[in-house]
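Right, one structure below, let's go through it.
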Amino acid sequence: MSEQGKKTVANGKEQISPEEELNDLMLVRREKLTELRDKGIEPYGGRYERTYMAGDILANFEKLENEHVVVAGRIMSKRGMGKASFAHIQDATGQIQIYARLNDIGQPAYELFGKLDIGDIIGVTGKVFKTRMGEITVATEDLKLLSKSLRPLPEKWHGLKDVELRYRQRYVDLIVNPEVKVVFEARSKIVRAVRSYLDNRGFLEVETPMMHAIAGGAAARPFITYHNTLDMKLFLRIAPELYLKRLIVGGFEKVYEINRNFRNEGISTKHNPEFTMLELYQAYADYDDMMNLTEELVANVAFEVFGTTKIEYQGTQIDLSPKWTRLPMLDAVKLHSGIDFGVIKTAEEAKNAVKQAKIGLEIDPAESWGSILNKVFEEVVEPRLIQPTFIMDYPVEISPLAKRKAENPELTYRFELFIYGREMANAFSELNDPIDQKGRFLKQVEKRSAGDEEAHMMDEDYITALEYGMPPAGGLGIGIDRLVMLLTNSPSIRDVILFPLMRPRD
RNA sequence: GGGCCAUUAGCUCAGACGGUAGAGCACCUGACUUUUAAUCAGGGUGUCGGUGGUUCGAGUCCACCAUGGCUCACCA
């Protein structure tokens, strides 16, 4: 592609080595920069005191007509008409037109205005008026260049469409595609609403380590890093779960953390290697409480940020108003596949039943009853869960941190939330029996040594913590990026992450 | 990692059959004192993602590579 990012400027003078090429558009801007300096105009200004934002002037024209205002922003378009010119400048609130007339500002200022490029950042003092065509405009009285732009912006009409460039150069995307900003503003509001919901209910926000000696709390391949002076391998965390539960042991009864997790796995429209997770734990609660909390939290956030709990995602109406369907996994699988895992007791029977059901599913010979059940579920049920649905009671083999059901120890008090066929939340009544927990870890360790890189690691200190006694507790994890995707109608996780991971160029 | 698709000017995109690369915006020169996708007159600014190959001749055909998108696998 282009030679972007290769130019250097030192001591205000251009230092372009021979192999580096500036295209004509950029050369012209460098020349203008030199010209400005020669005239004694500093192209990179400092503090500039504004009196109004563009949006405020547009919203309060009646009050501000004929008033003097000071605005600042980036030039987004420019129309010269000889001895008068128009431009639009853009600040955080939007765009406003400015008007400059030779007679009003004099020869030197008008010449400067003429030299300005789209992309330059300027400050303007002037009087608010409405043009003949009815557009609210600032008639320039004084003009100051605040930052000279040396690169051309993308086209004013089509904006920047190349998705690769949009993600790599998000700053350009944000300048020229106003709808992108709206999504990230919404993301911020959503996260704020989540926090305020939890804060109002007595939850304490905490921060636990991102660098773990043992990557626990989830089944995933971790990123590995290294600490020099300790001479030790560290993992970027795949989940904060085990630390948060240590805090429950310690006597905090309601805690949460909203922060990044890192998983060394595939990248897709639903996966970024680093993603934001909400995890919360509540002592003396269980997974029923977590279901109530989840639906109330999500519905409240939607209402607070968007004023409604009925949303549209990619053309599908989704109703987030509580109560949501609660369906045991066994019932869901029976309903959609006809296979009744309630009467199937062994992996062997399960394999045969899957074969007979002809759902086109390949089952590995080594798979257990529980993982076969989960496979069938994912294949047959998951894609159909469009409206918010809690799927309850996951098999114990795939839920090593969840409490067993009293009436069926092969299942756990665990649920996952699905919306639009996607997993949005995962929660359970936490396993607080240290001996059972140790056994579960040992099973995971076996799987690990059998080559399963995603199996949990043994965490002795976590067992120790449980041995001190952890109150019964409910725990919940919600993928914030996916929640934001849903609420902002974004098709890709990259649309809700400002700087998604990309392979470096060159 | 597999499959499919894409990559042409700063941006958005055209380029049947292989014949020496185009448009709009942006930019440059000039005109224009309420324009607004301003207008009018002139100007094409390019390693056609890269490297090889086929061919008299490659943006176009072939191979490999790079980056990205979608999708499958894995996961949240």
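Since this is a predicted model, take the numbers as computed values, not measurements. Just so it is clear: chains get the letters A, B, ... in the order the sequence lines come, proteins before strands, and each one is counted from 1.
Remark: the A/Glu135 side chain and the B/U36 base include a donor-acceptor N/O pair separated by less than 3.5 Å. Residue side chain A/Gln97 reaches the base of B/U35 through a donor-acceptor N/O pair under 3.5 Å, judged by distance alone.
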Should A/Thr208 and A/Arg237 be marked as a side-chain hydrogen bond (donor to acceptor under 3.5 Å, both in side chains) after you check the CA-CA gap, both sets of side-chain angles, and the distance that decides it? CA-CA 10 Å; A/Thr208 63; A/Arg237 77 175 186 192; 3.2 Å; yes

Apply the test salt bridge (charged side-chain N to carboxylate O under 4.0 Å, His left out) to residues A/Glu31 and A/Arg29: give CA-CA distance (whole Å), side-chain angles for both, the deciding distance (0.1 Å), then the verdict. CA-CA 5 Å; A/Glu31 281 160 16; A/Arg29 292 191 178 210; over 6 Å; no

Quick one, A/Thr125 with A/Glu141, criterion side-chain hydrogen bond (donor to acceptor under 3.5 Å, both in side chains). Give me CA distance, side-chain angles, the key distance, then yes/no. CA-CA 6 Å; A/Thr125 303; A/Glu141 289 158 344; over 6 Å; no

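The aromatic rings of A/Phe441 and A/Tyr462 stand perpendicular to each other, their planes meeting at an angle above 60°, with 30° marking the opposite boundary. In this pair, A/Tyr394 and A/Phe377 present their aromatic rings perpendicular. The plane angle is above 60°, beyond the 30 to 60° band.
The side chain of A/Glu423 has B/A76 as its nearest neighbour among B/A76, B/G69, B/U34. Nearest nucleotide to the side chain of A/Leu160, out of B/A26, B/C74, B/U12: B/U12. In the set B/U34, B/U67, B/U33, the nucleotide with an atom closest to the side chain of A/Arg101 is B/U33.
Counting non-hydrogen atoms under 4.0 angstrom, A/Gly479 reaches nothing in the nucleic acid. Within the nucleic acid shown, A/Lys32 comes within 4.0 Å of sugar-phosphate atoms alone, with no base atom in reach, counting heavy atoms only. Within the nucleic acid shown, A/Gly477 has no heavy atom closer than 4.0 Å to any nucleic acid atom. Residue-level contact check: A/Ala219 touches the backbone only, with heavy atoms under 4.0 Å from sugar-phosphate atoms and none from bases. A/Thr269 comes within contact range of the sugar-phosphate backbone alone, with a heavy-atom separation under 4.0 Å but no base atom that close. Here A/Asn264 lies out of heavy-atom contact (under 4.0 Å) with every strand.
Between the CG atom of A/Leu25 and the C1' atom of B/C27 there is a distance of 5 Å, given to the nearest Å. In this structure, A/Asp162 atom CG and B/A9 atom C1' are separated by 14 Å, rounded to whole Å. With rounding to whole Å, A/Arg166 atom CZ is found 19 Å from B/U7 atom P. Atom NZ of A/Lys161 and atom C1' of B/C11 are 11 Å apart (whole Å). The nearest whole Å value for the distance from the CE atom in A/Met502 to the P atom in B/A66 is 16 Å. Following rounding to the nearest Å, A/Gln95 (CD) and B/U36 (C1') show an atom-to-atom distance of 11 Å. The distance from atom CZ of A/Arg168 to atom P of B/U7 is 17 Å, rounded to the nearest whole Å. Distance, A/Arg221 CZ to B/A76 C1': 16 Å, rounded to whole Å.
With a 3.5 Å limit on both pairing distances and Watson-Crick or G-U wobble geometry required, the stems of 3 or more pairs in RNA chain B span B:1-7 with B:66-72, B:10-13 with B:22-25, B:27-31 with B:39-43, B:49-53 with B:61-65.
If you take atom P in B/C28 and the same atom in B/G22, they sit 23 Å apart, rounded to whole Å. Comparing the P positions of B/U29 and B/U36 gives an interatomic distance of 23 Å, to the nearest angstrom. The separation of B/U45 from B/C40, taken at their C1' atoms, amounts to 22 Å, rounded to a whole angstrom. Only the P atoms considered, B/A6 is 14 Å distant from B/C17, to the nearest whole Å.
Its glycosidic angle being more than 90° from 0, B/A6 falls on the anti side. A syn base is found at B/C17: its glycosidic angle is within 90° of 0.
Residue A/Arg482 places none of its side-chain N or O atoms closer than 4.0 Å to OP1 or OP2 of B/A76. A/Arg79 has a side-chain polar atom (N or O) that falls below the 4.0 Å cut-off from OP1 or OP2 of B/A38. The side chain of A/Arg503 contributes no N or O atom lying less than 4.0 Å from OP1 or OP2 of B/A66.
Heavy atoms from other residues, nucleotides or ligands lying under 6.0 Å from OH of A/Tyr52 number 12 at most.
For residues 475-491 of chain A, the side chain to side chain donor-acceptor pair (under 3.5 Å) pairs, not counting sequence neighbours, are A/Arg187-A/Asp481, A/His271-A/Arg482, A/Gln314-A/Asn489, A/Thr488-A/Ser490.
The 5' end of RNA chain B is approached more closely, in terms of each residue's nearest nucleotide, by A/Arg132 than by the other of A/Arg132 and A/Glu454. Mapping A/Leu501 and A/Met277 onto RNA chain B by nearest heavy atom places A/Leu501 at the nucleotide closer to the 5' end.
Using a 4.0 Å cut-off between charged nitrogen and carboxylate oxygen, A/Arg221 and A/Glu453 count as a salt-bridge pair.
Considering only residues two or more places apart in sequence or on other chains, A/Phe415 meets the ring-ring contact (aromatic ring centres under 6.0 Å, His included) condition with A/Phe390.
Where stacking is scored as ring centres under 5.5 Å apart with planes under 30°, A/Phe275 registers as stacked on the base of B/A76.
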